[in-house]
Amino acid sequence: MSVGEAVVRIEGRDKVTGAARYAGDIPVAGFAYGWVVQSTIARGRVSSVDDGEALARPGVLAVLHHGNAPRLGEADDATLLVLQDPRVPHLGWPVALVVATTAEEAREAAATLRIEYQVESHDAAFRAEHPRMYVPDHINPTYETETVKGDVDGALATAEVVVDATYTTPAQHNNPMEPHAAVAEWHDGRLTVHDSSQGAYAVKQALTRLFSLQPDAVRVVSEHVGGGFGNKGTARPHVVLAALGAAAVDRPVRVVLTRPQLYALTGYRTPIVQRVRLGAHRDGRLVALDHLASSQTSKVLEFTEQTALISRSMYASGALRTRHRVVALDVPTPRWMRAPGESPGSFALESAIDELAIACGVDPVELRIANEPESEPASGLPFSSRNLVACLREGARRFGWSGRDPRPALRRDGRWWRGTGVAAATYPARSNPSSASVTAEDDGRFTVRVTAADIGTGARTALTQVAADALQVPMSEVTVLIADSDFGPASVAGGSSGTASWSWAVVAACRDLLAQGAAAGTTAQANTGKAVAARPDLARHAYGAHFVEVAVDPHTGEVRVPRMLGAFAVGRIVNPLTARSQLIGGMTMGLSIALLEESTMDTRFGDFVNHDLANYHVAANADIQSIEAVFVDDPDDQLNPVGVKGLGEIGIVGATAALANAVWHATGVRHRDLPIRPDRVLNATYAV
Amino acid sequence: MREFEYVRAGAVAEAVRLVAADRDARFLGGGTNLVDLMRLGVERPGLLVDVSGLPLDQVTETPDGGVYIGAMVRNSDVAAHPLIRERYPALAQAILDGASGQLRNMATTGGNLLQRTRCVYFTDPTKPCNKRQPGSGCSAIEGDHRNLAILGASPHCVATHPSDMAVALAALDARVDVTEPRGGMRTIPLGDLYRPLGDRPDQELTVPEGTLVTGVALPPSPLAARSRYRKVRERASYAFAIGSVAAALDTADGTVRDVRIALGAVASRPWRAHTAERILIGGPATEAAYRSAIDAELAHAQPLRDNAYKVPLVRTIVVRMLEELAG
Ligand SMILES: Cc1cc2nc3c(=O)[nH]c(=O)nc-3n(C[C@H](O)[C@H](O)[C@H](O)COP(=O)(O)OP(=O)(O)OC[C@H]3O[C@@H](n4cnc5c(N)ncnc54)[C@H](O)[C@@H]3O)c2cc1C
Ligand code: SF4
């Protein structure tokens with residue numbers, strides 16, 4: 001058996017030695033460089049582009065803008081319709097592409113462009129009370145905007161204990177290590193693209209429509225991807241610009257975004273204001289849960305983060321209401337960032353649950369257990385499996401939770417005030433339709449092809465383990481090729497659905513090949529579309545529980561994290577090594593969001609002004625001392641053949657709340673606004 | 001990025017002459033700040049004169065018992081040097097608390113002193129900024145200024161000097177050796193190198209443009225061997241200070257005999273707390289005295305909307321530091 005083994009990443013050596021090529025490294029004969037020119041106004045129209053000086057410069061091949069760029073067809077995502085019209089919907093919108101034989105020439109020529117604008121007044125100031133806040137048709141991706149069960153207001157009015165609190169989270173940027181890059185090449189009307197993407201097939205579909213091509217005329221390859229955290233989930237403007245540029249100059253064009261360019265062009269998590277109201281009996285059992293989330297979108301595309309979704313499945317409550325509002329501003333388009341919905345939603349819900357536990361004088365672990373539902377609270381669907389209680393119990397045991405003094409601000413250790421906190425986590429266990437093929441090679445080996453993406457997660461390795469077991473051979477007999485849209489449709493590496501979706505197709509193809517006899521030269525193909533659709537309606541979720549210890553210096557505002565432990569019920573563990581890495585990575589990102597991450601919108605300009613890694617702080621090694629992720633048994637035969645729930649996102653869910661809850665326990669101060677920066681800690685200390 | 005020429009200077013005189021002859025020329029140290037600014041379009045030099053190979057790359061003991069640091073000594077080498085660690089521990093700590101290992105390996109002593117502010121509007125050529133473009137306005141005063149100055153700011157600029165190293169040097173009474181464009185050599189107290197923020201925040205130094213920093217002299221000081229640096233930052237490592245202090249203290253019989261205090265991340269230059277020092281010397285070595293001394297220093301603070309937290313922050317780290325040094 002390979003599944004369950006701690007196997008190191010197959011491409012690990014290539015990555016650390018530099019042999020692995022990322023999209024921006026792919027050498028394509030005769031390619032030119034495209035430099036993206038972004039608008040410096042937040043709203044208005046481009047009235048003229050004077051490219052005379054730029055075109056006269058050495059090496060410059062073309063300057064594309066709305067007046068001369070090739071026309072695009074249709075797009076599901078209007079952020080891809082670049083250089084098509086003079087409208088500027090937000091600061092940083094692409095207004096030109098300079099193509100030259102070197103990157104330096106392109107960039108320097110871009111500096112000589114004279115772009116005139118008709119400036120219109122803009123509104124980039126997000127607030128929950130914004131008069132243009134509205135109720136969207138649906139929330140991301142296709143969930144209902146509102147759910148109501150029972151009489152929430154009535155139950156709140158008569159509840160013995162009520163918590164009513166507002167929580168805010170700032171805009172955050174995904175900031176994968178590798179900025180977006182693509183190289184595009186046209187040949188006889190066919191388009192080949194190497195893109196830094198979490199879903200080569202999704203990018204192919206977008207390009208097929210945009211350039212009005214036959215499906216077999218577009219190929220997208222994303223062999224190695226340096227992270228994404230959601231902002232490479234579908235096609236992004238850079239890949240469209242590369243293809244437009246290549247069409248215009250009739251040679252391949254590479255576009256690599258800089259770090260600051262990512263901030264307006266590739267998505268981010270919206271700022272969110274959440275009001276959570278809980279009504280409960282004195283013993284902590286909920287009678288009402290009301291969760292209202294307000295977020296922003298751009299004027300280009302409506303994207304509503306599914307922030308309150310988590311409250312639909314977490315706790316039993318007779319009355320339950322979840323609602324979303326959104327306002328369209330003159331800002332860049334927010335998109336997915338690791339656990340969209342659940343990450344910010346869990347901060348509010350799990351902070352409020354902690355506040356309830358304090359109000360009731362009940363241990364926060366026990367209070368959560370007391371509110372375990374029989375079936376999914378909002379939908380009434382049965383759970384395929386639900387091992388949250390096991391996570392809470394096992395986490396508490398390993399962390400040494402029992403005997404914790406619940407009173408705040410009691411544990412001094414020199415200048416540090418110590419405290420501990422807990423929060424629960426959940427994330428949907430999705431499987432999406434995918435296809436895969438497997439070929440029995442002449443030399444007795446097997447080659448699997450699936451348009452999976454390995455964005456650093458270890459997906460390539462996990463799929464090799466799965467295929468080896470399905471073929472009943474050792475891993476060394478199997479080569480898994482991924483991330484090439486020619487391999488057929490497959491799920492994106494997003495929504496924690498990757499391994500759960502691809503492994504299903506891989507197992508189906510392998511089983512089929514064996515059933516056919518696996519003669520050399522034969523290929524078996526599988527598509528799981530029908531099988532996925534045929535699954536019964538069940539509430540399928542992964543679970544987790546976070547336990548965090550913090551040390552706070554209330555007089556310098558520093559918050560340090562000596563200990564973080566997460567216990568997770570995430571189905572079958574294909575590879576404990578890469579699984580742990582995903583989980584502690586998610587937990588670290590949760591810490592990062594709790595303490596550091598924040599994109600500062602300067603509303604005067606409509607710009608995220610701290611747009612680089614020196615000013616946008618992402619947690620580093622020194623920010624966490626001991627971090628541990630453990631698994632609890634979580635058998636579930638209602639998922640997919642391998643029994644995988646997906647674990648790319650659940651590590652981040654709840655981690656932030658656990659930390660904020662620990663800060664309360666340490667200091668007695670409740671932080672409802674993220675991040676918990678030193679200035680906020682200090683202001684709380686000195687406000688008294 | 002503008003096309004530029006690159007020359008590796010072999011001697012101080014040559015370096016100074018090359019830069020003096022060309023308005024668009026810049027000295028290049030480790031390049032960790034200048035090259036970033038070139039990429040961002042903030043700096044657009046036509047000529048880079050690389051001074052990192054000049055033979056000013058030694059840390060040496062001076063006859064008077066002090067230490068001399070050549071301007072091209074890399075930050076890592078300064079921090080690791082036994083003379084520095086023994087005699088000026090605050091300097092070693094300050095350097096090690098800054099940037100990352102890779103950056104410290106590249107950064108030079110001269111470049112570190114002359115690094116530019118991290119104000120986010122200064123580094124973005126599309127935004128108004130008096131320091132980058134005189135007269136265009138200061139975007140920070142009404143904008144993102146959480147980590148900008150509370151002391152010595154002007155209505156034209158509220159930038160901070162980001163260096164940790166310079167804070168320690170200011171406390172240790174360092175003197176800076178420079179060679180001016182016409183070849184004249186001067187020695188200036190570090191504190192006098194930086195021009196106070198007035199109505200021309202683009203003019204950062206008191207020496208003429210094109211002046212080369214050649215070295216830093218640390219005078220002998222019995223105090224310095226027990227000096228310390230303390231930095232507070234948002235991230236636990238690899239982040240600029242939001243407040244820092246370098247200090248040294250000598251007490252006898254419960255009385256302060258001598259004291260040095262410099263503050264970081266509060267002003268456009270390392271801020272020597274002269275007011276606090278004057279109050280402390282000869283007075284009692286007590287927490288109450290430390291507190292009232294730093295309060296007197298901070299009485300002139302003019303915080304903006306979002307950076308008033310620095311006042312209690314600095315007070316705390318100074319008082320604690322002096323208590324530790326006394327105890
Ligand atoms: C991500 C990041 C994080 C950082 N964090 C910190 C931190 O926490 N604390 C901290 O203190 N610093 C930090 N730094 C800044 C770092 O310390 C400086 O970039 C470095 O010290 C500059 O030295 P350099 O030799 O590379 O200078 P360069 O980039 O070569 O030059 C900087 C400036 O000085 C001029 N110059 C260079 N040498 C001389 C000379 N001999 N005479 C006259 N002019 C000269 C150049 O023309 C240029 O204007 C950080 C930098 C980065 C990029
Ligand atoms: S504070 Fe100084 S550097 Fe920052 S925007 Fe104002 S003038 Fe420019």
Side-chain angles (χ1 to χ4, degrees), chain A residues 38-41 57-58 91-92 102-108 110-111 258-260 415 553-561 592 595-596 598 600-605 607-625 675 677-686, chain B residues 1-4 32-33 36 38-41 44 97 99-100 103 118-128 137 139-140 142-147 162 230-245 303 306-317 319-320 323-324:
Chain A
Q38 296 176 279
S39 76
T40 54
I41 65 161
R57 293 186 65 88
L91 189 132
T102 70
E104 291 76 13
E105 286 164 343
R107 194 166 183 172
E108 189 57 21
T258 64
R259 181 68 52 184
R415 68 187 181 95
D553 182 338
H555 300 285
T556 62
E558 292 160 298
V559 179
R560 295 289 177 261
V561 185
S592 197
L595 299 181
L596 302 166
E598 168 175 40
T600 310
M601 167 58 68
D602 187 326
T603 56
R604 297 169 304 169
F605 303 107
D607 195 11
F608 294 112
V609 287
N610 59 335
H611 46 220
D612 61 43
L613 291 177
N615 290 300
Y616 182 102
H617 288 159
V618 174
N621 277 322
D623 290 292
I624 176 86
Q625 286 158 34
R677 297 185 313 246
D679 61 310
R680 287 191 162 137
V681 175
L682 277 164
N683 288 341
T685 303
Y686 290 98
Chain B
M1 196 192 272
R2 177 177 173 192
E3 208 164 80
F4 60 88
T32 60
N33 187 215
D36 269 3
M38 287 166 64
R39 291 217 173 99
L40 292 166
R44 295 176 52 80
D97 273 356
S100 66
L103 287 159
R118 309 302 295 201
C119 172
V120 295
Y121 306 99
F122 174 73
T123 53
D124 181 347
T126 68
K127 305 285 190 298
S139 297
E142 299 285 322
D144 181 5
H145 55 236
R146 197 171 76 239
N147 198 16
R230 163 83 163 104
K231 171 178 183 178
V232 180
R233 44 189 151 180
E234 292 185 356
R235 179 163 56 192
S237 70
Y238 199 12
F240 289 94
I242 56 173
S244 73
V245 55
D306 293 332
N307 67 1
Y309 72 95
K310 290 194 180 213
V311 174
L313 170 60
V314 168
R315 188 196 303 128
T316 295
I317 59 177
V319 171
R320 285 181 184 172
E323 284 190 281
E324 279 169 34

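For the numbers below, each heavy atom of this structure counts, side chains included, while hydrogens, waters and symmetry mates do not. In what follows, chains are A, B, ... by sequence order, proteins preceding strands, each numbered from 1. On a predicted model such as this, the values are computed, not experimentally measured, just so you know.
Residue A/Arg680 does not touch chain B at all, counting heavy-atom pairs closer than 4.5 Å. For a residue to count as touching a neighbouring chain, one of its non-hydrogen atoms must lie under 4.5 Å from one of that chain's; by this rule A/Thr556 touches chain B with backbone and side chain alike. B/Thr126 touches chain A through its side chain: at least one heavy atom from C-beta onward sits under 4.5 Å away, while N, CA, C and O do not. For A/Leu613, the part lying near chain B is the backbone, with the side chain staying farther off; criterion is any non-hydrogen pair under 4.5 Å. With a 4.5 Å cut-off on non-hydrogen atoms, A/Arg107 touches chain B through its backbone and its side chain both. The part of B/Ile242 that comes within reach of chain A is its side chain, from C-beta onward, which places non-hydrogen atoms under 4.5 angstrom from that chain. With a 4.5 angstrom heavy-atom cutoff, A/Asn615 touches chain B only via side-chain atoms. For chain B, the nearby part of A/Leu682 is the side chain; its heavy atoms alone come within less than 4.5 Å.
When side chains are defined from C-beta on, A/Asp607 counts as touching B/Lys127, because their heavy atoms get closer than 4.5 Å.
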Should B/Tyr121 and A/Asp602 be marked as a side-chain contact (heavy atoms from CB on, under 4.5 Å) after you check the CA-CA gap, both sets of side-chain angles, and the distance that decides it? CA-CA 11 Å; B/Tyr121 306 99; A/Asp602 187 326; 2.6 Å; yes
Quick one: do A/Glu104 and B/Glu3 satisfy side-chain contact (heavy atoms from CB on, under 4.5 Å)? Show the steps, please. CA-CA 8 Å; A/Glu104 291 76 13; B/Glu3 208 164 80; over 6 Å; no
For a salt bridge (charged side-chain N to carboxylate O under 4.0 Å, His left out) check, start with the C-alpha distance between A/Asp553 and B/Arg320, then their side-chain angles and the critical distance, and finish with the verdict. CA-CA 13 Å; A/Asp553 182 338; B/Arg320 285 181 184 172; 2.6 Å; yes
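A side-chain donor-acceptor contact under 3.5 Å links B/Arg235 to the backbone of A/Val618.
Counting heavy-atom neighbours within 6.0 Å of A/Gln625 CD, excluding the residue itself, gives a total above 12.
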